[in-house]
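Throughout, a chain's letter reflects where its sequence line sits, starting with A, and its residues are numbered from 1.
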There are 2 protein chains.
Amino acid sequence: MTAAPVRVLLADDEHLIRGALAALLSLEEDLVVVAEAATGPEALAMARAHAPDVAVLDLQMPGADGVKVATSLRAELPSCKVLIVTSHGRPGHLKRALAAGVRGFVPKTTSAQRLAELIRTVHAGNRYVDPELAADAISAGDSPLTAREAEVLEHAADGAPVAEIAERAALAEGTVRNYLSSAAGKLGAENRHAAVRLARERGWV
Amino acid sequence: MTAAPVRVLLADDEHLIRGALAALLSLEEDLVVVAEAATGPEALAMARAHAPDVAVLDLQMPGADGVKVATSLRAELPSCKVLIVTSHGRPGHLKRALAAGVRGFVPKTTSAQRLAELIRTVHAGNRYVDPELAADAISAGDSPLTAREAEVLEHAADGAPVAEIAERAALAEGTVRNYLSSAAGKLGAENRHAAVRLARERGWV
DNA sequence: CACCGGGCATGACAAATGTCAGAAGGCGTC
DNA sequence: GACGCCTTCTGACATTTGTCATGCCCGGTG
């Protein structure tokens, strides 16, 4: 069976990896890298121009992260399957990615050989999620935070004082303190800063 | 001139990159990858076993980071030149790396082609530092923090309350607060948490 | 030697933060 | 409509924090 090769888009801001990967994937006879991109917007533009079968996206890229790109892609190019590759697997990201219609989600500790297989898997219409990441996501569970709690936590992310958070969120200071307090309580954190760290780790912010 | 090929050790925790890189570098006739490692200690062990000419190390690896490995390597295997590759170029890291006797320091946005050239450059006894990273390091300047300030700031990194920091650093709470305060002042931060963030960004912790 | 400046430490005070109880409005469910 | 839950706010309080004045010790300078 000599079907048409799978057309792949590669997006990663690290040239070293992108180039190396492109070279390795080209070794596979049934795969062809038709486009490369270093940023989110670039990936989107490339996808529009080349209409690849599968898009391999890094999770963290300048401009727009992999999940955002996947969301846009899903709307504009539904036939293009998305496979996300990431270095730091945060549980929450996996959930967001799946919600965005991503078909595959694997850590960068995967070998190139395996990645090639997964590209085929995804192209065939199947899904694949790294078992370890999936386990993490399940054990981390859903975010216990309400929408406002998460929002306020996000505003607190850079260590800003309560007054500033209140202004940015257009809330009273007391209200902000309450949300921060309840969020920290739910996360089992000593204070809001530790809470921010925890929420970050779990991908809840 | 068909000199003996340059023997290279490759250390990076991301299998995808390591493998791809190994494949690409092997394409170069005068380079041969003699060992691979996924963690700091593993890199060290591999270096001892294979005595490579050049060690290409990722800055962030489990176990021990690239700079620590470089330090040990310098003591144990002085003939082995170290080239550090990093995704997130923090100015301070560059300084630490050079102090550890590292011969090259480049971001992962470098192409594999260029990396191969740099391996030769480094092997020939020359140094190379990415110009942009160098500029960052220079503009960021030296850490204005005293040893104690930096130490306390490090203990404060995970958002722990002052009491805990005081215990860990074996200082009085008031003293800790003072160091934190002066550090925040020097960094132009609103509070210690923002200070931690800034110091992190500049690689001063 | 006397002096100065910087690093180090402390305690006291003021400001920011975390905690709690309570109350009012909105929204969805049974 | 009664109930529960989220959101928003308020005020009061305890705790944590940031800031300041102060003192000690040490290495260098004149």
Side-chain angles (χ1 to χ4, degrees), chain A residues 92 95-96 99 140-205, chain B residues 92 95-96 99 140-205:
Chain A
K95 191 157 305 197
R96 281 200 305 135
D142 267 352
S143 169
L145 305 175
T146 68
R148 281 297 181 288
E149 282 165 355
E151 185 192 335
V152 171
L153 253 198
E154 244 173 305
H155 283 128
D158 57 356
V162 172
E164 204 174 312
I165 303 169
E167 200 183 353
R168 285 205 285 235
L171 290 175
E173 291 195 17
T175 311
V176 169
R177 287 209 295 262
N178 279 340
Y179 281 138
L180 252 19
S181 181
S182 81
K186 284 177 181 175
L187 296 174
E190 286 286 336
N191 53 44
R192 64 209 168 92
H193 305 286
V196 166
R197 230 174 29 83
L198 284 173
R200 273 270 166 74
E201 276 175 20
R202 294 175 168 70
W204 289 340
V205 288
Chain B
K95 190 158 307 197
R96 280 199 305 135
D142 266 352
S143 170
L145 305 175
T146 67
R148 282 291 182 291
E149 281 166 357
E151 184 193 336
V152 171
L153 212 49
E154 243 174 305
H155 282 129
D158 57 355
V162 172
E164 206 174 311
I165 302 170
E167 199 183 353
R168 285 204 285 232
L171 291 176
E173 293 194 17
T175 311
V176 169
R177 287 207 290 271
N178 271 342
Y179 282 136
L180 254 19
S181 182
S182 80
K186 286 177 182 176
L187 297 174
E190 285 287 337
N191 53 44
R192 65 212 169 93
H193 304 286
V196 167
R197 231 173 28 82
L198 284 173
R200 272 271 166 74
E201 278 174 19
R202 294 174 166 70
W204 289 340
V205 289

4.5 Å side-chain heavy-atom contact, B:Lys186 and B:Glu149
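They are in side-chain contact.
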Just wondering, do A:Arg148 and A:Thr175 contact through their side chains at under 4.5 Å, heavy atoms?
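The answer is no; the side chains never approach within 4.5 Å.
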Answer yes or no: is there a donor N or O on one side and an acceptor on the other, between the side chain of B:Asn191 and the main chain of B:Ala194, under 3.5 Å?
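Between the backbone of B:Ala194 and the side chain of B:Asn191 there is a qualifying donor-acceptor contact (under 3.5 Å).
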Reading nucleotides 12-21 of chain C from the 5' end, what letters show protein touch, with B for base, S for backbone sugar-phosphate only, - for no heavy atom under 4.0 Å?
B----BBBBB
I need a per-nucleotide contact map over nucleotides 23-29 of chain D, read 5' to 3'. Cutoff is protein heavy atoms under 4.0 Å; write B for the base, S for backbone only, - otherwise.
-------
Is A:Ala147 touching bases, backbone alone, or none of the nucleic acid, heavy atoms closer than 4.0 Å?
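Counting heavy atoms under 4.0 Å across all strands, the contact made by A:Ala147 is with sugar-phosphate only.
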For A:Lys186 and D:dC5, what is the distance between atoms NZ and P respectively, to the nearest whole Å?
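Value for this atom pair: 12 Å.
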May I have the distance from A:Glu149 (atom CD) to D:dC6 (atom P), rounded to whole angstrom?
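Spelled out: CD on A:Glu149 to P on D:dC6 is 8 Å.
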Working to the nearest 0.5 Å, report the span between CD1 of B:Ile165 and CZ of B:Arg177.
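If we round to the nearest 0.5 Å, B:Ile165:CD1 and B:Arg177:CZ are 10.5 Å apart.
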Name the residue from B:Arg200, B:Glu201, B:His193 that meets the side chain to side chain contact (heavy atoms under 4.5 Å, CB included) definition with B:Arg197.
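The residue from B:Arg200, B:Glu201, B:His193 that satisfies side chain to side chain contact (heavy atoms under 4.5 Å, CB included) with B:Arg197 turns out to be B:Glu201.
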A:Thr175 vs D:dC9: side-chain N/O to OP1/OP2 distance below 4.0 Å:
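Looking at the OP1 and OP2 atoms of D:dC9, one of them is under 4.0 Å from a side-chain N or O of A:Thr175.
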Return no unless some side-chain N or O of B:Tyr179 is found under 4.0 Å from OP1 or OP2 of C:dA9.
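Answer yes for this pair, as a side-chain N or O of B:Tyr179 is under 4.0 Å from OP1 or OP2.
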To check you understand the geometry: which heavy-atom pair defines the closest contact between A:Ala195 and A:Ala184, and what is its length?
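That closest heavy-atom pairing would be CB-CA, 4.0 Å.
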Show your working on side-chain contact (heavy atoms from CB on, under 4.5 Å) between A:Val162 and A:Arg192 and close with a plain yes or no.
CA-CA 10 Å; A:Val162 172; A:Arg192 64 209 168 92; 4.0 Å; yes
Sequence neighbours left out, cut at 3.5 Å: what donor-acceptor pairs do the side chains of residues 150-158 of chain A make with other protein atoms?
from     : atom 1 : to       : atom 2 : distance (Å)
A:His155 : ND1    : A:Glu151 : O      : 3.4
A:Asp158 : OD1    : A:Ala160 : N      : 3.4
A:Asp158 : OD1    : A:Arg168 : NH2    : 3.4

